[in-house]
Amino acid sequence: MIAENFRQVLEKIEAAKQRRLKVPKDAPVTLVAVTKNHDIAAMREAIDAGAEHIGENRVQEAKEKFSELERDVTWHLIGHLQTNKAKQAVKMFKLIHSVDSLHLADAINGAAAVLGKTQEVLAQVNLYGEETKFGCDKEELMPLLKGIDALENLKLRGLMLIAPNFEDKEAARPLFKEMYDIFTNIKKMPWERADITELSMGMTGDYEIAVEEGATIVRVGTGIFGARKY
Ligand SMILES: *Cc1c(COP(=O)(O)O)cnc(C)c1O
């Protein structure tokens with residue numbers, strides 16, 4: 001089931017790329033399989049079906065799986081990160097999607113310096129006010145991006161959005177469009193270290209719309225693994 005779901009999600013992504021209007025149809029999309037609350041067996045099934053990118057939202061859960069998995073995959077931290085877990089996060093994750101304050105960026109930079117790593121990060125944007133708890137407000141975005149760019153052991157790769165869980169999935173489309181505009185603008189700006197190529201948006205309910213509007217990374221859990229049991 002998981003393997004079949006995974007292939008279907010890939011097919012839907014390809015179909016959504018063909019429906020793009022403003023965004024180049026051939027611009028690639030990375031599918032991150034979100035494995036939070038799913039066990040190692042499920043993860044291996046997805047990986048054996050071709051999943052190369054794994055997304056976890058908690059450092060502790062990722063750590064427990066990290067040593068047990070025995071598969072060569074790329075790890076993404078998609079959930080909120082507490083500064084006291086920065087070091088563990090830097091050890092495991094290729095890309096941290098959830099940097100929403102300079103305070104957190106500083107902590108990750110410090111941990112990366114100690115470990116001799118350049119940590120790739122995305123800035124998480126909150127376009128919607130209080131609906132979502134995390135993410136940096138639009139007004140604070142430019143200072144955050146510039147602050148991240150100034151840190152020696154960080155490489156800013158782009159932006160991340162968690163859209164509100166709208167009843168009508170089309171309601172997310174204007175947010176995805178707005179994110180794509182911001183992404184296109186910051187791509188053109190001169191940066192010290194940043195290499196801005198990634199726009200992480202779209203989950204099970206709305207990833208096809210996100211791809212149509214220019215997502216370069218989608219994060220899909222339920223659509224691959226089924227409903228999470230808590
Ligand atoms: C859980 C989670 C996802 C995946 O959600 P689904 O609706 O199960 O696809 C994506 N992004 C983030 C940040 C998440 O926490």
Side-chain angles (χ1 to χ4, degrees), residues 1-13 16 29-39 42-43 45-47 49 51-65 73-82 85 89 92-101 104 108 120-128 130-136 157-173 175-176 179 183 198-230:
M1 204 57 207
I2 290 172
E4 180 53 28
N5 290 345
F6 179 78
R7 281 188 283 271
Q8 277 182 14
V9 172
L10 282 181
E11 277 172 24
K12 286 183 178 165
I13 289 171
V29 174
T30 300
L31 171 56
V32 172
V34 176
T35 53
K36 66 181 182 207
N37 291 90
H38 293 289
D39 61 17
M43 292 174 76
E45 213 176 315
I47 293 163
E52 293 172 345
H53 295 264
I54 294 295
E56 285 283 341
N57 72 332
R58 286 175 49 239
V59 171
Q60 187 56 39
E61 182 176 341
K63 198 179 159 197
E64 286 158 16
K65 293 166 166 179
V73 288
T74 302
W75 290 74
H76 295 248
L77 180 63
I78 61 175
H80 179 68
L81 176 61
Q82 289 170 312
K85 302 250 171 69
M92 289 184 286
F93 295 102
K94 171 88 186 323
L95 184 62
I96 298 175
H97 293 225
S98 50
V99 178
D100 60 359
S101 73
L104 176 58
I108 299 170
E120 297 183 33
V121 300
L122 303 179
Q124 182 178 348
V125 187
N126 180 3
L127 286 184
Y128 214 70
E130 58 264 28
E131 274 272 340
T132 45
K133 248 196 316 195
F134 301 115
C136 140
R157 298 301 312 275
L159 305 174
M160 185 268 229
L161 171 79
I162 303 176
N165 191 12
F166 293 117
E167 189 97 33
D168 170 16
K169 295 305 169 193
E170 279 295 325
R173 191 182 296 276
L175 301 185
F176 294 149
M179 285 295 288
F183 172 65
E198 304 304 333
L199 179 55
S200 169
M201 58 186 193
M203 305 170 33
T204 294
D206 55 18
Y207 70 90
E208 292 164 272
I209 300 172
V211 169
E212 287 170 16
E213 301 302 338
T216 71
I217 300 175
V218 293
R219 312 175 305 265
V220 179
T222 310
I224 298 172
F225 299 100
R228 286 178 287 275
K229 300 176 204 77
Y230 288 94

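We count ligands from 1, going down the list as the structure has it; atoms in each ligand are counted the same way.
Every residue two or more places apart in sequence or in another chain that forms a side chain to side chain contact (heavy atoms under 4.5 Å, CB included) with Ile13 is listed here: Val9, Lys17, Val29, Leu31, Tyr207, Val211, Val218. The side chain to side chain contact (heavy atoms under 4.5 Å, CB included) search around His53 returns Thr30, Val32, Thr74, His76, not counting sequence neighbours.
Listed by number with element, the atoms of ligand 1 under 4.0 Å from a non-hydrogen atom of Thr204 are 6 (P), 7 (O), 8 (O), 9 (O). Within ligand 1, the atoms closer than 4.0 Å to a non-hydrogen atom of Arg219 are 4 (C), 9 (O), 10 (C), 11 (N), 12 (C), 13 (C), numbered from 1 in the order shown. Shown in contact with Thr222 at under 4.0 Å from a heavy atom are these atoms of ligand 1, numbered in order with element: 6 (P), 7 (O), 8 (O), 9 (O). Near Val220, with a cut-off below 4.0 Å to any heavy atom, the atoms of ligand 1 are 9 (O).
Using a 4.5 Å heavy-atom threshold, the side chains of Val34 and Asn57 count as separate.
Residue contacts with ligand 1: His97 is excluded, as none of its non-hydrogen atoms falls under 4.0 Å.
Heavy atoms of Lys36 found under 4.0 angstrom from ligand 1 belong exclusively to the side chain.
Considering backbone and side-chain atoms alike, Gly223 places every N or O at 3.5 Å or more from each N or O of ligand 1.
Neither side chain, Gln124 nor Ser98, offers a donor N or O lying under 3.5 Å from an acceptor on the other.
Formation of a donor-acceptor pair under 3.5 Å by the Lys85 side chain with backbone atoms of Gln60 is not found in this model. Panel note: side chain Lys169, backbone Ile209; no donor-acceptor pair is recorded below 3.5 Å.
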